[in-house]
Amino acid sequence: MVSFFEERPKTMAAGQNVMTDAKSVLNMAITVTVSAQKPPAPPGYISISRKKLLQNLEINAGARINAWVDSMRASSPTHIKSTPSLNDDQTSWNLNHPSALEMFDKIIDESKGKQIVMFLDYDGTLSPIVEDPDRAFMSKKMRKTVRKLAKCFPTAIVSGRCRDKVYKFVKLAELYYAGSHGMDIKGPEKRSKSNKDSEVLFQPASEFLPMIDEVYKQLVETTKSTPGAKVENNKFCLSVHFRCVDEKKWSELAQQVRSVLKEYPKLRLTQGRKVLEIRPTIKWDKGKALEFLLESLGFANCTDVFPVYIGDDRTDEDAFKILRDRGQGFGILVSKFPKETNASYSLQEPDEVMDFLRRLVEWKQLSVRAQSRM
Ligand SMILES: O=P(O)(O)OC[C@H]1O[C@H](O[C@H]2O[C@H](CO)[C@@H](O)[C@H](O)[C@H]2O)[C@H](O)[C@@H](O)[C@@H]1O
């Protein structure tokens with residue numbers, strides 16, 4: 001006899017085995033208890049045969065894969081573009097999320113008397129999205145701009161990539177870096193006469209390292225039959241890229257990923273731009289990293305801080321939401337298409353991000369000069 005719960009029961013009788021499905025992108029957790037004896041099903045529980053249960057699980061797994069693939073399609077810009085209702089809403093979206101460049105003066109007014117702190121996502125924000133994740137280089141002009149920005153305001157890079165990799169792209173030692181979706185935070189390099197040193201500030205998912213390595217190897221092996229699939233090890237999390245996978249093969253890839261993940265209920269799956277992101281189920285994300293960094297910078301309970309977070313991806317929404325909830329600063333979404341977002345403003349692409357950052361630098365330099373003349 002088998003009891004089939006929608007949710008994990010609060011208590012479990014001795015002698016029962018528990019099979020827990022990994023929480024998916026759609027948050028459909030299924031827990032099944034299998035008991036040794038065959039007592040009648042308690043009131044409120046559905047009693048079904050083991051065969052029926054396995055069939056149900058297969059149907060659920062199938063439904064879940066379909067849901068993953070629908071979500072993979074929905075997150076692809078070409079599909080967003082061709083959604084008529086979203087096209088119709090472009091104008092109202094622009095009204096609700098105006099261009100940060102057009103609203104520059106208003107933004108500066110709002111920040112008056114407050115310390116601006118800058119948080120920048122990397123891929124799609126500082127560098128254009130390209131097919132090969134290893135070639136997502138940042139332009140020299142952008143690097144120069146970010147270097148100047150960091151001289152004016154405390155600046156952090158918050159990325160889904162592992163910290164070392166994003167540092168290799170950005171190459172600026174004076175910044176804070178939060179890699180692996182904020183699970184690996186390090187401060188700027190301090191230069192002494194004899195050496196360069198910087199402190200790792202926080203790594204909340206260290207215990208997951210062996211598991212992540214194990215899953216990385218399994219994913220590489222399992223997905224190698226899908227042309228174009230690429231698994232990236234981001235130290236505390238993993239990315240399975242499907243940008244170069246034929247859309248007809250997305251379902252196959254989703255099944256391969258699921259077949260690995262179902263053995264690891266402590267890992268969860270989220271989605272980015274043509275990428276499935278696998279990370280620990282700990283309550284830590286880019287939003288928490290932003291709060292941690294503000295605290296480390298001494299702005300824990302300050303009302304005179306003005307954090308600005310610029311990002312293009314779903315994972316940046318956690319940071320946008322924190323800023324909205326705190327009622328401090330704001331988020332800027334980098335997107336050409338209307339998207340549901342907690343950001344207040346928008347910019348269309350990395351070039352516009354660079355223009356916005358340059359204007360911030362110019363404004364700061366002018367105000368410093370003006371103050372020194374007083
Ligand atoms: O938080 P981010 O800095 O935006 O990192 C998120 C993921 O970005 C990278 O993937 C994305 O950019 C690639 C290069 O342009 C592109 O090929 C891919 O389709 C995008 O999803 C990075 O490779 C991932 O590891 C990050 O998690």
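Note that ligands are numbered from 1 as they come in the structure, with each ligand's atoms numbered from 1 the same way. FYI, the numbering just counts along the sequence from 1.
- Under the 6.0 Å distance and 45° angle rule, Arg359 counts as a cation-pi partner of Phe104.
- Using a 4.0 Å cut-off between heavy atoms, Ser127 makes no contact with ligand 1 at all.
- When each atom of ligand 1 is checked for a heavy atom of Pro128 under 4.0 Å away, the hits are 15 (O).
- Using a 4.0 Å cut-off between charged side-chain N and carboxylate O, Arg161 and Glu232 make a salt bridge.
- Proximity of Ser239 to ligand 1, defined as any heavy-atom pair under 4.0 Å, is confined to the side chain (atoms from C-beta onward).
- Nearest-residue assignment for atom 16 (C) of ligand 1 (options Asp121, Val130, Asp123; heavy-atom criterion): Val130.
- Taking both residues in full, the closest heavy atoms of Phe169 and Asp134 are given as CZ-O, 3.7 Å, listed atom of the first, atom of the second, then distance.
- Set against the non-hydrogen atoms of Ser159, the atoms of ligand 1 under 4.0 Å away are 1 (O), 2 (P), 3 (O), 5 (O).
- With a heavy-atom cut-off of 4.0 Å, Asn234 touches ligand 1 through its side chain alone.
- The proximity of His241 to ligand 1, defined as any non-hydrogen pair under 4.0 Å, is limited to the side chain.
- Regarding atom 20 (C) of ligand 1, its nearest protein heavy-atom neighbour is Arg273 O, 3.3 Å.
- Ion pair Lys186/Glu199 not flagged as a salt bridge, since none of the NZ, NE, NH1 or NH2 atoms sits closer than 4.0 Å to an Asp/Glu carboxylate oxygen.
- Across the listed options Leu120, Val275, Ile129, Ile129 owns the non-hydrogen atom lying nearest to atom 11 (C) of ligand 1.
- Glu102 and Tyr345 share no side-chain donor-acceptor pair at under 3.5 Å.
- For the pair Gly160 and ligand 1, the shortest N or O to N or O distance falls below 3.5 Å.
- Electrostatic pairing of Lys321 and Asp325 counts as a salt bridge here, judged by a charged N lying under 4.0 Å from a carboxylate O.
- Rounding to the nearest 0.5 angstrom, the gap separating the NZ atom in Lys274 from the CD atom in Glu131 is 9.0 Å.
- Interface of Arg243 with ligand 1, defined as ligand atoms under 4.0 Å from a residue heavy atom, comprises 16 (C), 17 (O), 18 (C), 19 (O).
- No donor-acceptor contact under 3.5 angstrom links the side chains of Glu277 and Thr270, judged on distance only.
- Residue-ligand proximity, Tyr122 to ligand 1, at heavy-atom distances under 4.0 Å covers atoms 3 (O).
- Between Lys288 and Asp285, none of the side-chain N atoms (NZ, or NE/NH1/NH2) sits under 4.0 Å from a carboxylate O, so this pair counts as no salt bridge.
- Distances shorter than 4.0 angstrom occur between a heavy atom of Lys286 and an atom of ligand 1.
- Of the listed options Gln271, Glu277, Glu232, Glu277 places a heavy atom closest to atom 27 (O) of ligand 1.
- Applying the 4.0 Å criterion to heavy atoms of Glu131 picks out, from ligand 1, the atoms 17 (O).
- Ion pairing of Arg163 with Asp184 is present here, as a side-chain N (NZ or NE/NH1/NH2) and a carboxylate O approach within less than 4.0 Å.
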